[in-house]
Each structure stands twice: as structure tokens, then as C-alpha cells.
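A quick write-up on the structure given underneath.
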Amino acid sequence: MVKVCVLGAFGGIGQPLSLLLKINPHIDELSLYDLNDCQGISKDLSHINTKSTTSGFDKDTLKDALQGSDMVVIPAGMARKEGMTRDDLFKVNANIMKTLCLQIGQTCPENVKVLIISNPVNCLVPVAVETFRKLGKLHAENIIGITTLDIVRAETFLREHLRELNNEDIEPLNHDVISVVGGHSGTTIVPIIPDKNIIKMLGASRYKQLVHRIQFGGDEVIKAKKSRGSATLSMAYAASEFITTILLTMVHDGKAEMRVREQKYKYLPGYVYLPGLKNGAQLKRHLKQIAHLDVDYFAVPLKFKNGSISEVDATILTKLSQEEVVLLRAALEPLQENIKKGEKFVQNTSKM
């Protein structure tokens, strides 16, 4: 039996994500929580004839929502409003993340998987890690920032360029063709193309366009929605893909369905706390050699076993093009600032 709890299920990402999770055959129980009452969403989803049961909870029943959860997915948080600085947004969402993680640590099983969607991911995953550390319940292999939207966009945008260059349709790509490392905002997002001939084929202008679009694809959506929303549907899809990959290692580890899926997602990137993870120290050394900075958090392809990270792919940084080295060096300084911001928030807030 697998129970998944969505914290922030009433929001723009939470609702479509909850729908995708309701139709996921590997989930037995779906728990939906938000400050707004999720009873209506739960009732609506319960009419879908899939095997999972649903239940809705409001602000006064967080503990009940979390009880017995194997996985907690967190899209909860405030969207940036007019007149609000990014620092204002961080403080609001950092407080939300800390509060939720405190309750997760006090209520959920020790091996619960905590998957973070809320922005800014670069800052909020450190908030979660430091909160669990203070509780004495830090398991880095189970805390992940979902950056899958970056690779979904990368696959989509590169395919568009290749289709134009070849003047014919091509099959959807996977991360054997392109992957994404670094962070989850702007220039901290670093696309990696293993076959360097593709970079040459694109040419300098197309490659620059591709990188910029992957890094700032969210701006396209905000502009198209006339500032009335952001990337909610594509984010929900991307998160669902990531969650399904983890679930398969929990319920079908080594079976045929997982082997088929591994053809596309042998390693799927996520933003993680490197110390303590297998190959994490090796990856940190590569980063320091390339960019001369020491960072503890990085989005990198991950491998899972029984729902937890079994190792990170440190080899992805060993064969970079010169263009990718430049992008990585530009990414690490702002990423390091984001990380420190999240860590300092927990250090400076009141005792737990």
C-alpha cells in the first residue's frame, strides 16, 4: 500500500498534479491538504474510477493528512504578487516550508520521501534539509527538489531545433540526448548535451537561443498568460513523471515496467543535498575543479532504489564542452548565494 500526500493541493499546480496522481496505478491512497478546504477536490477526484482512495484536509488537520504517508509532495506556497520583492516571496515560502517540514518530521514514517516543488527551489530545499537536521531526522536520500520541468523543456525545445534543421519530424527525445544540471532558476540551470556534435550542428546562434529558452522558459508562460499565472500544467506533468519514476522503484523494483521506463529515465535529475549521497563527494570535487566553488546542493541525474536515492551521476560533468563549462561557472555563484540564503533562514529563525 502506497500513500501519497500533496501539501498545497488547492493551488494552480496542486490541482492538476492531484488529478495525475489519482490516475496513477501505483498509488493506493491520496491525501490532499491545503489551507483552503480540499474536501471538494477530494470528492471530485473520488468519482474517477481508479483504484486509489482520496481524502481532503484543511489548515487544522495537517497532522491527519500526513499520517502514514510514504511520500509527501509539496507545491504549497505563495506566488509572487505585484509589488512583492523576491526576498519577500522567499520569506513567506520559507516559513511555509519550515512549518510543513516540522510536521512531516514529527508525524510521518522515518523513510518518508519529501519532494519539493515550491519556489524558489534553490533556497527551499536547504530550508527543508536544515529543518530535518535540527529535528535529528535528516535523510538526504529522501529529500529532493523536483527540477523535472527543466529537462522536459530541454527535450521539447531541442527537438524543435533538430526538427527544423532536418526538415522532418523526429521522435521525442530523452535525457540520453540532453540533460539539465545545476539549480532550478535562470542562469543556475545548465543544459548538458552528451553528444557534442549536436552543439556543433546547432551552431552558436541556435545553441545560445536553446540555452536561454531552457533557462527562462517560465517567462514565456507568464507572458502568454498575461501575468495572470505561471507554468502550472507543465509543472504538474513534469512532477508526475518524476513521482512515477520513484514509485516504480518502490512497487516494481527490477520488474519489466521499470526496465522499460529506464530506457527514457535511467537517471532522472533532481536538486539534492550532496553530502552523504553516493558519489556526492566526487561530484563536489568535479564542481570545485571546474568552477572553483564548493556547493553542497546541485541538480544532477539520480538513481533510485526502493524510492530513495541510491547514487548521483558524477560522470555527467566529466565530458563538458567549453560552452557548458562557461555555463556551469556562471551558475555556481548565484546557486551558492541561494543555498546560503536557505540555510541562514533556518539558523536565524527561532528555536524549534
Side-chain angles (χ1 to χ4, degrees), residues 6-8 13-14 17 71-77 89-90 93-94 96-98 100-101 104 112-133 138-154 175 179-190 214-215 217-218 230-231 234-246 265 267-277 280 283-284 287 295-304 307-309 312-313 316 331-332 334-343 345-346:
V6 180
L7 303 181
I13 296 171
L17 177 58
M71 178 184 290
V72 179
V73 187
I74 311 178
L89 178 65
F90 165 74
N93 286 350
I96 293 170
M97 184 60 60
K98 176 183 159 186
L100 295 177
C101 288
I104 292 168
V112 63
K113 323 307 176 195
V114 180
L115 309 182
I116 296 166
I117 298 172
S118 310
N119 276 315
V121 166
N122 293 356
C123 302
L124 294 186
V125 172
V127 169
V129 166
E130 292 305 313
T131 301
F132 284 113
R133 192 197 304 278
L138 174 58
H139 299 282
E141 70 277 11
N142 291 328
I143 304 171
I144 309 166
I146 298 182
T147 61
T148 319
L149 181 55
D150 298 329
I151 194 169
V152 167
R153 283 177 173 150
H175 92 278
S179 191
V180 183
V181 301
H184 187 52
S185 65
T187 58
T188 69
I189 298 169
V190 180
I214 293 168
Q215 291 179 333
S230 58
S234 54
M235 182 66 240
Y237 165 78
S240 177
E241 285 287 285
F242 189 77
I243 291 164
T244 298
T245 299
I246 295 177
Y265 293 129
Y267 287 85
L268 195 59
Y271 183 70
V272 294
Y273 180 60
L274 295 172
L277 296 180
L283 185 72
K284 279 168 60 70
L287 288 169
V295 294
D296 283 339
Y297 294 82
F298 200 71
V300 63
L302 309 168
K303 192 169 185 179
F304 294 91
S308 300
I309 301 168
V312 303
D313 179 14
I316 196 166
L332 285 204
L335 182 59
Q336 191 179 56
E337 291 174 1
N338 292 161
I339 294 165
K340 288 180 179 178
K341 191 172 189 177
E343 291 174 335
F345 174 82
V346 178

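- For the pair E241 and V152, the minimum side-chain heavy-atom distance is 4.5 Å or more.
- The side chain to side chain contact (heavy atoms under 4.5 Å, CB included) check on A140 picks up Y273, L277, with sequence neighbours excluded.
- Between L149 and S234, the closest side-chain pair of non-hydrogen atoms falls below 4.5 Å.
- Across all their heavy atoms, V127 and V346 have their closest contact at O-CG2, 3.6 Å.
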Q: Evaluate the criterion side chain to side chain contact (heavy atoms under 4.5 Å, CB included) for residue pair V181 and I316; output intermediate values, then yes/no.
A: CA-CA 9 Å; V181 301; I316 196 166; 3.9 Å; yes
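- Salt bridge present: E130 and R133 bring a charged side-chain N and a carboxylate O closer than 4.0 Å.
- Taking 4.5 Å as the limit, some side-chain heavy atom of L138 sits within range of a side-chain heavy atom of I143.
- Rounding to the nearest 0.5 Å places NZ of K303 at 13.5 Å from CG of L268.
- Residues passing the side chain to side chain donor-acceptor pair (under 3.5 Å) test with S185, sequence neighbours excluded: N122.
- By the side chain to side chain donor-acceptor pair (under 3.5 Å) test, K341 is found to be paired with D87, residues two or more places apart in sequence or in another chain being considered.
- Atom NZ of residue K340 and atom SG of residue C123 lie 13.0 Å apart, to the nearest 0.5 angstrom.
- Atom CD1 of I116 sits about 5.5 Å away from atom SG of C101, to the nearest 0.5 Å.
- Contact detail for A239 and I117: the closest heavy-atom pair is CB-CD1, 3.7 Å.
- The side-chain heavy atoms of S118 and I96, taken from C-beta on, include no pair separated by under 4.5 Å.
- Atoms CG and CD, on D150 and Q215 in that order, are 9.5 Å from each other to the nearest 0.5 Å.
- For K284 (side chain) and V295 (main-chain N/O), a donor-acceptor pair under 3.5 Å exists by modelled atom type.
- Applying the side chain to side chain contact (heavy atoms under 4.5 Å, CB included) rule to N119 yields the partners V121, H184; only residues at least two apart in sequence or on another chain are considered.
- Residue R153 comes nearest to A231 through the heavy atom pair NH2-CB, 3.4 Å, listed as atom of the first residue, atom of the second, then distance.
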**Q.** Residue pair L17, I243: steps toward the side chain to side chain contact (heavy atoms under 4.5 Å, CB included) verdict
**A.** CA-CA 10 Å; L17 177 58; I243 291 164; 4.2 Å; yes
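- For N93, the side chain to side chain donor-acceptor pair (under 3.5 Å) test picks out no residue, with sequence neighbours left out.
- In this structure the side chain of F298 reaches within 4.5 angstrom of the side chain of L335, judged on heavy atoms.
- At a threshold of 4.5 Å between non-hydrogen side-chain atoms, the residues V272 and V300 count as touching.
- Between Q336 atom CD and D296 atom CG the span is 9.0 Å, to the nearest 0.5 Å.
- Of all non-hydrogen atoms in G183 and I189, the two that sit nearest each other are O-CG1, 3.7 Å.
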Q: Carefully, step by step, assess I74 and I104 under the rule side chain to side chain contact (heavy atoms under 4.5 Å, CB included).
A: CA-CA 11 Å; I74 311 178; I104 292 168; 4.0 Å; yes
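- Of all the heavy atoms in I13 and P75, the pair that sits closest is CG2-CB, 4.1 Å.
- Closest non-hydrogen pair, G307 versus N142, comes out as O-OD1, 4.4 Å.
- At distances below 3.5 Å, not a single donor-acceptor pair connects side-chain atoms of S240 with backbone N or O atoms of A236.
- Y297 has its side chain out of reach of L274: every pair of non-hydrogen atoms, C-beta onward, lies at least 4.5 Å apart.
- To the nearest 0.5 Å, the span separating CZ on F242 from OG1 on T147 amounts to 7.0 Å.
- For the ring pair (Phe, Tyr, Trp, His ring centres under 6.0 Å) test, no residue two or more places apart in sequence or in another chain qualifies with F132.
- Considering only heavy atoms from C-beta on, P126 comes within 4.5 Å of Y271 through its side chain.
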